[in-house]
Amino acid sequence: MTEPTQKKAMKDLRPATRLVHGGTMRSQFGEMSEALYLTQGFAYESMEQAEGRFTGASPGFQYSRFGNPTVAMFEQRMALLEGAEAARATATGMAAVTASMLGQVRAGDHVVAAKALFGSCRFIVEDLLPTYGVECTLVDGTNLAQWKAAARPNTRTFFLESPTNPQLEIIDIRAVADIAHAAGATLVVDNVFATPMLQSPLTLGADCVVYSATKHVDGQGRVLGGCVLGSEEFIMKNIHNFLRQTGPAMSPFNAWVMLKSLETLPLRVAQQVRNAERVADFLAERGGVARVLYPWRKDHPQHELAKRQMTGGGTVVVLEVDGGKAGAFRFGNALQIVKISNNLGDAKSILTHPATTTHQRIAQPAREAMGITEGMLRLSVGLEDIEDLIDDLKGASAAV
Ligand SMILES: *Cc1c(COP(=O)(O)O)cnc(C)c1O
């Protein structure tokens, strides 16, 4: 196994190049495609070497829960993409979110989070943390005064997603980071909806970024995975040991799939964004569709903020159809190409009805307060030919 032998430092290269070459560690065979080290552990050449690995005196791998060459290549490539000093891969996106919270807090601490969260993220901050003596305050993430008012002397961290799922609300990351830091807290951003291609929370002041790599990073609906990124200091202090000892490690196989996927991430996201823009503009003109939400459209309530902190509108379009749940179901059931499922960021376009699936657990009044109506549909736009997608959506909107 050789260390990366790049002639030019990866940091000097642009993102697309980093995503093809970054993090590669070749074995003695000089393989072109990154090797899959599907192994639980590693043999030592001597008792002394084994001892050295455990004390840290001898660098190298010990056990795949702690580290694995294929997983390390994925982590290195993700860190290069995000512009982060350090990255740790996890088995799922939720393992990354959980580590980013539990790794930082102690009993008696306090956390502030935006209300509009992915269902499982909301469970972590609202239901799980309090059982360990960590209080949580939920705020309207778009209201900076609420973030400021919620901070207390024992507030350890702030948590948000932007754009939010599924309302596509945009939260001002730089402003919330400033409020967090003034209160002596950190800011963690779940950047799944923006993707690492369209928004860089660390450069906007966040201390930690988390991903479900299940979404755009794999982007082809095959494997689960997650990633936590931040400064070397943040990761070593809060995340490194937590993950090693509690064990939500990414499988080397999944890391290998993700590594290869990263090579095409910029191409896929760029095309999906182009398709999403077309889909949003098309749906906005259709009868039966009461409202379209897409951050790059001028009628999005936070269009200006989106333009400031993102470099594209994303791959998800949200629409509200006439006729509530019945209208939404008629729309979905008329689709021929778009699949009904709950992933996003996939090459295949996917329609989700949040009120009856991803956000079903939340009681209707709270759901409505979050802006999730019965007629709301989330459309993750894929890589199909745009004309076929438009035809499919034409049929679905006519069925409403
Ligand atoms: C999917 C998702 C997660 C969870 O990721 P898994 O890989 O399913 O565990 C977390 N946050 C957001 C915003 C997501 O979309």
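Note that ligands are numbered from 1 as they come in the structure, with each ligand's atoms numbered from 1 the same way.
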I'd like to know if S120 contacts ligand 1, where contact means a heavy-atom distance under 4.0 Å to any ligand atom. no
Does NZ or CZ of K260 lie under 6.0 Å from the centre of the six-membered ring of F253, at an angle within 45° of the ring axis? no
Between T157 and the options N238, V111, V112, the side-chain contact (heavy atoms from CB on, under 4.5 Å) test singles out V111
Among all the protein's non-hydrogen atoms, which is closest to atom 14 (C) of ligand 1, and how far away is it? K215 NZ, 2.9 Å
Can you name the atoms of ligand 1, numbered from 1 with element, that are less than 4.0 Å from a heavy atom of E161? 13 (C)
Just to verify, which of D140, L305, N143, T164 counts as forming a side-chain contact (heavy atoms from CB on, under 4.5 Å) with I171? T164
Considering non-hydrogen atoms of the protein only, which is the closest contact for atom 8 (O) of ligand 1, and what is the distance? S212 OG, 4.2 Å
On a heavy-atom basis, the closest approach of Q336 and D392 is N-OD1, 2.7 Å
Ring-ring centroid check H300 Y294, cutoff 6.0 Å: no
Does ligand 1 come near enough to G93 that some N or O of the ligand is less than 3.5 Å from an N or O of the residue? yes
Can you figure out which of D190, D218, N342 has its heavy atom closest to atom 10 (C) of ligand 1? D190
If you compare all heavy atoms of S349 against all heavy atoms of G382, which two are closest, and at what distance to 0.1 Å? OG-N, 2.8 Å
Any chance you could lay out the salt bridge (Lys or Arg N to Asp or Glu O under 4.0 Å) test for K394 and E387, step after step, and finish with the verdict? CA-CA 10 Å; K394 199 178 284 179; E387 302 308 332; over 6 Å; no
When you compare ligand 1 with M94, is there at least one nitrogen or oxygen pair between them that comes in under 3.5 angstrom? yes
Could you tell me which atoms of ligand 1, counted from 1 in the order shown, lie closer than 4.0 angstrom to a heavy atom of T92? 7 (O), 9 (O)
Using a 4.0 Å heavy-atom threshold (strictly under), name the region of A213 that reaches ligand 1: side chain, backbone, both or neither. neither
Ligand-residue contact atoms, ligand 1 with C121, heavy atoms, under 4.0 Å: 10 (C), 11 (N)
